[in-house]
Enquirer: 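My questions will all concern the structure given below.
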Amino acid sequence: MGPEETLSKMRHSAAHVMAQAVQSLFPEVKFGIGPAIKDGFYYDFDLPRPLKPEDLPVIEDRMREIIDDNLPFTSEEINKETAQQLFAAQPYKLELIDDLPDSSVTIYKQGDFTDLCRGPHVSSTGEIKALKLTHIAGAYWRGDEKRPMLQRIYGVAFGSQTELENYLARQVEATKRDHRKLGKELDLYSIHEEVGAGLICWHPKGALVRQVIEDLWRREHISRGYNIVYTPHVAKIDLWKTSGHWDFYRDYLYPPMELEEQQYIVKPMNCLGHILIFKSHLRSYRDLPLRYAELGTVYRYERAGVLHGLARVRGFTQDDAHIFCRPDQLEEEVIGVVRLAQFMMSTFGFSDYEVLLSTRPEKYTGSTQMWKQATDSLESVLQKLKLPYNIDPGEGVFYGPKIDIKLRDALGHAWQGPTIQVDFNLPQRFNVCYVGDDGLEHNVIMVHRTVLGSMERFLACLIEHYGGAFPVWLAPIQAIIIPIADRHSDYAQQIVVQFREEGIRTEVDNRSERMNLKIREAQLQKIPYMLIVGDKEATSSSASLRLRDGSNIGLEDLLQIKTRIATAIQSKA
RNA sequence: GCCAGUGUAGCUCAGAGGUAGAGCAGCGGUUUCGUAAACCGCAGGUCGUCGGUUCGACUCCGACCGCUGGCUCCA
């Protein structure tokens, strides 16, 4: 058994101990389930009253007592009837017992607490080393919102106090890097109640970062044979009825608006516009593949409870593209997309990612033969590119198989990254065809893909990945000139002009403040280069260079600094 | 949407059944300074919104809105 399994066993045992503790405090408790999860565990309870944050330390203390008692865990296999009697007062457990396939079930006991459980567990409660209950949350029984909501207590548990403390320290670091906090501190964006939840206003600095990314995105797409297009933000509802979105996706759509007795909706996706552009001509097999790319802003109604900073919003700009190709071109097109995705990931410093291939779900459209061919193509691409991947069986979208890439940021937090989806549905619904060399019409294969996801979510990911200290090429302000006294501001201004001519985003801090304050603020703003100028510098065409990590380079010639910065921008380091 | 928490000045936060307070930011002034916060003064708030209880509500109650952590879902 590896260290991960040992930990997970201990965490699962901690969940049982928590259940015992809760039972001793609330004898009427009805138990849900209590598994081990990443870093810890949870248990779902049906309790006579809502839990308060103050309850957690009480439960935790009770858990410590149980741990100190070092109660042994014992298991027993019993038949279902016996189990049903044993758990007669536990409706959720009874439901679980009913659903188990075997005629016998296992139970685990520690002290006076018994739970239905497959195990395994540590041998006694004393083996649970370091834990902390972290938060309370509501959770539907079996994740179904039509069923009762239970109260879930989350906890973390580790093999030693030191590891627990490290974990808590990482949490503190993650809080510091939270894009919502940094977004405010670095003046990147804001969300206003007056505008509406989940709708983003980009401030100049956030907009600048976004533009730099978009410029790179456009350049890369053009050089890789994409055509950039623009499509309207609203369209007649019939278009969305034809596509099936109005039927299948209605819960996510903003409601229709009426104009000249026609109903229009705001687009939730960009694909239909691209399809209509494709269909504006008769297309030959020689024209394919056609790749239409758009930084397309879409609006989707997301439930209020799921909104989260830039990461989950109601209006967002997808870095979208649709590839229309022949079946024999699919594989090469997917290779191109994966290479582009890899290029983007390495450009933004993501080296840790997971590739998932999602296969046919239970409800699907298209023939099984089409599914097989497309899934094989996707898999073959991953093999040719020697990309390690996992199969996510049945997790494809109803219209086709897909490849998803999950990124890990510098703190190990996972983000949904590039996605490549084959679509058999829309080409049929809209009769998207090309004329083959046989003179007959054939449906195209359509690939939806994004390599960044959405600009909003990608920025959220980048902010947290870099902890707000954007690499020089992305930094909204790349250099700031800090005159020591007012008499140095002319010299400072000359540097600004000179640097801007070189394309270096430069500002000057001309306030009548002390240099120390200006340095502090520039550092907090995570500006990569601070050029401090006083009498010495003004007479020698130089500046005293300081970096945002606190290091002090000292006096350096202006030309040299310019080259230094230009090189850093160039290398995207 | 559901469960829990929460909303006080632009920001970070304190306070509290008898009509609000700090630091930073802002404004005015003094200071012109050598590597992470100079000093003095001024101004700033229908205490999220609406309704109820009360002689009196920012404080108690209710509804709504926003935010936070989850459930569910996803770019």
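Letters go in sequence order (proteins before strands), and every chain restarts at 1.
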Enquirer: Look at all strands and tell whether A:Val313 reaches a base, only sugar-phosphate, or nothing, counting heavy atoms closer than 4.0 Å.
Expert: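 The answer is base, as A:Val313 lies within the cut-off (heavy atoms under 4.0 Å) of a base atom.
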Enquirer: Does the side chain of A:His488 come under 3.5 Å of the side chain of A:Asp535 through a donor N or O and an acceptor N or O?
Expert: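 Looking only at side-chain atoms, A:Asp535 and A:His488 do form a donor-acceptor pair, the distance falling under 3.5 Å.
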Enquirer: Do you know the tightest heavy-atom contact between A:Ala21 and A:Ile59?
Expert: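 Closest approach of A:Ala21 to A:Ile59, heavy atoms only: CB-O, 3.9 Å.
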Enquirer: Would you classify A:Asn552 as touching base, sugar-phosphate or nothing, given that sugar-phosphate means primed atoms plus P, OP1 and OP2, and contacts are heavy atoms under 4.0 Å?
Expert: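 Base contact.
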Enquirer: Considering only B:G34, B:A75, B:C33, which nucleotide approaches the side chain of A:Thr419 most closely?
Expert: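 Closest of the options to the side chain of A:Thr419: B:A75.
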Enquirer: For A:Lys536 and for A:Pro50, locate the closest nucleotide of RNA chain B by heavy-atom distance; then report the residue assigned to the nucleotide nearer the 5' terminus.
Expert: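 Residue closer to the 5' terminus by nearest nucleotide: A:Pro50.
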Enquirer: With a distance cut-off below 6.0 Å to the six-membered ring centre and an angular limit of 45° from the axis, does A:Arg11 pair with A:Phe158 as a cation-pi contact?
Expert: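 Satisfied, under 6.0 Å and within 45°.
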Enquirer: Select base, sugar-phosphate, or nothing to describe what A:Leu517 touches, counting heavy atoms under 4.0 Å on all strands.
Expert: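 Sugar-phosphate: the residue A:Leu517, judged by heavy atoms under 4.0 Å, touches backbone atoms but no base.
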Enquirer: Can you check nucleotides 69-74 of chain B for protein contacts, nitrogen or oxygen pairs under 3.5 Å, and list what you find?
Expert:
unit_1	atom_1	unit_2	atom_2	d
B:G69	OP1	A:Arg180	NH1	3.2
B:G69	OP1	A:Arg180	NH2	2.7
B:G69	OP2	A:Arg180	NH1	3.1
B:G69	OP2	A:His308	ND1	3.3
B:G69	O2'	A:His135	NE2	3.4
B:G70	O3'	A:Tyr154	OH	3.0
B:G70	O2'	A:Tyr154	OH	3.4
B:G70	N2	A:Gly138	O	3.4
B:G70	N3	A:Gly138	O	3.4
B:C71	O4'	A:Gly138	O	3.3
B:C71	O2'	A:Tyr140	N	3.3
B:C73	O2'	A:Tyr252	OH	2.7
B:C73	O2	A:Arg312	NH1	2.7
B:C73	O2	A:Arg312	NH2	2.4
B:C73	N3	A:Arg312	NH1	3.1
B:C74	O2	A:Arg457	NH2	2.7

Enquirer: Taking atom P in both B:C60 and B:U8, what distance in whole Å separates the two?
Expert: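 The answer is 15 Å between these two P atoms.
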Enquirer: Taking all atoms of both residues into account, what is the closest heavy-atom pair of A:Asn552 and A:Leu545, and its distance?
Expert: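 Taking every non-hydrogen atom into account, OD1-O, 3.3 Å.
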Enquirer: Listing time: all N or O pairs from protein to nucleotides 58-66 of chain B that are below 3.5 Å?
Expert:
unit_1	atom_1	unit_2	atom_2	d
B:C65	O2'	A:Glu193	OE2	2.9

Enquirer: Given that A:Glu521 and A:Met515 both sit by RNA chain B, which one's nearest nucleotide is further toward the 5' end?
Expert: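 The residue mapped nearer the 5' terminus is A:Glu521.
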Enquirer: Could you list the protein-to-nucleotides 9-15 of chain B atom pairs, N/O on both sides, closer than 3.5 Å?
Expert:
unit_1	atom_1	unit_2	atom_2	d
B:U12	OP1	A:Lys184	NZ	3.3

Enquirer: Check this for me: does any side-chain nitrogen of one of A:Lys181 and A:Glu173 sit under 4.0 Å from a carboxylate oxygen of the other?
Expert: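 Here A:Lys181 does not pair with A:Glu173 in a salt bridge, since their nearest N and O are not under 4.0 Å apart.
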Enquirer: For RNA chain B, produce a single dot-bracket line, 5' to 3'. Pairs: Watson-Crick or G-U wobble, both distances under 3.5 Å. Symbols: ( ) within strand, [ ] crossing, | other strand, . unpaired.
Expert: (((((((..((((....[..)))).(((((.......))))).....(((((..]....))))))))))))....
Enquirer: Would you indicate what A:Glu456 reaches in the nucleic acid, counting non-hydrogen atoms under 4.0 angstrom: base, sugar-phosphate, or nothing?
Expert: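 If one applies the 4.0 Å heavy-atom cut-off, A:Glu456 turns out to touch nothing in the nucleic acid.
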Enquirer: B:C24 C1' sits how many Å from A:Asp187 CG, rounded?
Expert: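 To the nearest whole Å, that distance equals 16 Å.
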Enquirer: So which heavy atom on A:Lys518 is nearest to which on A:Asp509, and how close?
Expert: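 Scanning both residues, the minimum pair turns out to be NZ-O, 2.9 Å.
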Enquirer: Roughly how far apart, to the nearest Å, are B:G48 and B:G10 at atom C1'?
Expert: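 After rounding to an integer number of Å, I get 16 Å for this pair.
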Enquirer: From C-beta outward on A:Asp535, which listed nucleotide comes closest to its side chain: B:A38, B:G34, B:A36?
Expert: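 Minimum distance to the A:Asp535 side chain belongs to B:G34.
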Enquirer: Under 4.0 Å, heavy atoms only, any strand: does A:Gln523 hit a base, just the sugar-phosphate, or nothing?
Expert: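 If one applies the 4.0 Å heavy-atom cut-off, A:Gln523 turns out to touch a base.
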Enquirer: Under 4.0 Å between a Lys/Arg side-chain N and an Asp/Glu carboxylate O for A:Asp319 and A:Arg457?
Expert: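 A salt bridge is absent here (no side-chain N lies under 4.0 Å from a carboxylate O).
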Enquirer: Checking all strands, does A:Glu54 fall into the base, sugar-phosphate, or nothing category for heavy-atom contacts under 4.0 angstrom?
Expert: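 Counting heavy atoms under 4.0 Å across all strands, no contact is made by A:Glu54.
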Enquirer: Among residues two or more places apart or on two chains, list those pairs meeting ring-ring contact (aromatic ring centres under 6.0 Å, His included) that have a residue in residues 172-191 of chain A.
Expert: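 Residue pairs passing ring-ring contact (aromatic ring centres under 6.0 Å, His included), neighbours aside: A:His179-A:His308.
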Enquirer: Compute the ring centroids of A:Phe45 and A:Phe26, then answer whether they are less than 6.0 Å apart.
Expert: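 Here the rings of A:Phe26 and A:Phe45 have centres that are no less than 6.0 Å from each other.
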Enquirer: Take atom C1' in B:A38 and the same atom in B:G70, then report the distance between them in whole Å.
Expert: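 My reading of the C1' atoms in B:A38 and B:G70 gives 47 Å.
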Enquirer: Hey, is the side chain of A:Arg514 poking within less than 4.0 Å of OP1 or OP2 on B:A38, counting only N and O atoms?
Expert: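 Result: yes.
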Enquirer: A cation-pi test, strictly: NZ or CZ of A:Arg408 under 6.0 Å from the centre of the six-membered ring of A:Trp415 and no more than 45 degrees from its axis. Yes or no?
Expert: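 Not flagged: A:Arg408 not positioned over aromatic ring of A:Trp415.
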Enquirer: Under 6.0 Å from the ring centre and within 45 degrees of the ring axis: does the NZ or CZ of A:Arg224 meet both conditions for the six-membered ring of A:Phe343?
Expert: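 Positive - A:Arg224 is close enough to the ring of A:Phe343 and near enough to its axis.
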Enquirer: When you compare the protein's N or O atoms with those of nucleotides 27-30 of chain B, which come within less than 3.5 Å of each other, and at what distance?
Expert:
none

